[in-house]
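Following: one structure in structure tokens, then a few remarks.
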Amino acid sequence: MRGASAIEELLKQEKSANLAILVVWEPILASDWSRPTRPVLGRISDPRVSQFWDKDHLIAKQLDQHLSTSQPDCCRHAGILWDVAALYPKRVPWGGSQPVFIDGAVVKVQAELAKQLSAAVR
């Protein structure tokens, strides 16, 4: 859950309304046996964020398929991407571009993600 705190902190710093943030929750660890509760979802309360529960890892699998040369060196559990931050250019359709930044774990890359995000919205 430290990743959720990192995202919330990052969004407090970046005030641009030109952001759409997708947070995908998926079952990876033994403790992730059900969808996140309201208190968990409430850890990221920014209105620019849409949160999803992906019990079958569909989004992680699709993201993995769309990545070509920009594979992160981290963030895999049993072959599934998780705890990764991916930053895309504005108005890119799903699968239409590689991320301009992808890395993780989210809490570990918070400073670099903030730098990349700030540059992207300028």
Side-chain angles (χ1 to χ4, degrees):
M1 297 302 164
R2 294 181 335 187
S5 298
I7 292 168
E8 185 72 11
E9 184 61 33
L10 177 68
L11 293 174
K12 285 179 184 174
Q13 296 170 14
E14 184 52 62
K15 303 293 187 191
S16 174
N18 293 324
L19 291 175
I21 298 96
L22 307 177
V23 175
V24 180
W25 299 89
E26 55 185 336
I28 296 290
L29 306 175
S31 60
D32 300 335
W33 52 272
S34 70
R35 70 179 51 248
T37 61
R38 278 192 197 144
V40 170
L41 295 173
R43 292 179 183 166
I44 305 174
S45 59
D46 191 288
R48 298 170 292 177
V49 175
S50 297
Q51 300 185 62
F52 302 90
W53 170 242
D54 184 13
K55 73 177 180 97
D56 296 318
H57 311 288
L58 299 175
I59 296 170
K61 290 174 186 174
Q62 284 290 310
L63 177 60
D64 201 16
Q65 287 179 353
H66 291 282
L67 296 175
S68 58
T69 58
S70 54
Q71 288 282 339
D73 294 327
C74 66
C75 315
R76 289 195 182 274
H77 188 276
I80 302 292
L81 282 173
W82 76 300
D83 202 5
V84 64
L87 178 62
Y88 285 87
K90 289 187 217 180
R91 298 182 203 25
V92 173
W94 180 248
S97 174
Q98 294 294 302
V100 295
F101 173 83
I102 184 165
D103 205 356
V106 173
V107 70
K108 291 181 181 177
V109 300
Q110 182 178 356
E112 182 61 22
L113 179 59
K115 179 179 160 185
Q116 296 288 331
L117 181 60
S118 181
V121 297
R122 302 295 171 254

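The residues of the chain are indexed from 1 along the displayed sequence.
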Closest non-hydrogen atom pair, [X] against [Y]:
{"X": "Trp25", "Y": "Pro36", "result": "CG-CG, 3.4 Å"}
{"X": "Ala85", "Y": "Leu113", "result": "CB-CD2, 3.7 Å"}
{"X": "Arg48", "Y": "Leu11", "result": "NH2-O, 3.0 Å"}
{"X": "Glu8", "Y": "Asp46", "result": "OE1-N, 3.8 Å"}
{"X": "Gln98", "Y": "Pro89", "result": "O-CD, 4.1 Å"}
{"X": "Glu14", "Y": "Leu19", "result": "CG-CD1, 3.8 Å"}

About how many Å separate [atom2] of [Y] and [atom1] of [X], when rounded to the nearest 0.5 Å?
{"X": "Leu87", "Y": "Lys115", "atom1": "CG", "atom2": "NZ", "result": "13.0 Å"}
{"X": "Leu117", "Y": "Gln110", "atom1": "CG", "atom2": "CD", "result": "11.5 Å"}
{"X": "Glu112", "Y": "Asp103", "atom1": "CD", "atom2": "CG", "result": "8.5 Å"}
{"X": "Glu26", "Y": "Asp56", "atom1": "CD", "atom2": "CG", "result": "10.5 Å"}
{"X": "Cys75", "Y": "Asp64", "atom1": "SG", "atom2": "CG", "result": "11.5 Å"}

- prompt: In terms of heavy-atom contacts, does CZ of Arg35 have more than 12 from other residues, nucleotides or ligands at under 6.0 Å?
  reply: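 At most 12 heavy atoms, drawn from other residues, nucleotides or ligands, come within 6.0 Å of this atom.
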task: State plainly whether one hydrophobic cluster holds both Val106 and Trp53, where clusters connect Ile, Leu, Val, Met, Phe, Trp and Tyr through side-chain heavy atoms under 4.5 angstrom apart.
output: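 Yes, it is one cluster - the side chains of Val106 and Trp53 are joined through contacts under 4.5 Å.
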query: Applying the 4.5 Å side-chain criterion to the ILVMFWY set and letting contacts propagate, would Val84 and Leu58 be lumped into a single cluster?
result: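 Different clusters: Val84 never reaches Leu58 through Ile, Leu, Val, Met, Phe, Trp or Tyr contacts under 4.5 Å.
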task: For the residue pair Ile21 and Ile44, establish whether any side-chain heavy-atom pair is separated by less than 4.5 Å.
output: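 Result no, sub-4.5 Å side-chain heavy-atom pair not found.
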message: I'd like to check Ser97 versus His66 (side-chain heavy atoms, cut-off strictly below 4.5 Å). Are they in contact?
response: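 No, their side chains stay 4.5 Å or more apart.
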message: Please determine whether a side-chain nitrogen of the Lys or Arg among Lys108 and Asp83 lies less than 4.0 Å from a carboxylate oxygen of the Asp or Glu.
response: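 A salt bridge is absent here (no side-chain N lies under 4.0 Å from a carboxylate O).
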- request: Each residue besides Ile80 in its hydrophobic cluster should be listed here, by chain and number; the cluster joins Ile, Leu, Val, Met, Phe, Trp and Tyr at side-chain heavy-atom distances under 4.5 Å.
  value: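 When side chains under 4.5 Å apart are linked, the cluster holding Ile80 also contains Ile28, Leu29, Trp82.
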query: Which ILVMFWY residues can you reach from Val24 by hopping between side chains whose heavy atoms are under 4.5 Å apart?
result: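 Traced through the cluster, Val24 reaches Ile59.
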query: Do the side chain of Gln116 and the main chain of Phe101 share a donor and acceptor less than 3.5 angstrom apart?
result: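 Not at all, since once roles are kept as given, no pair shorter than 3.5 Å links the two residues.
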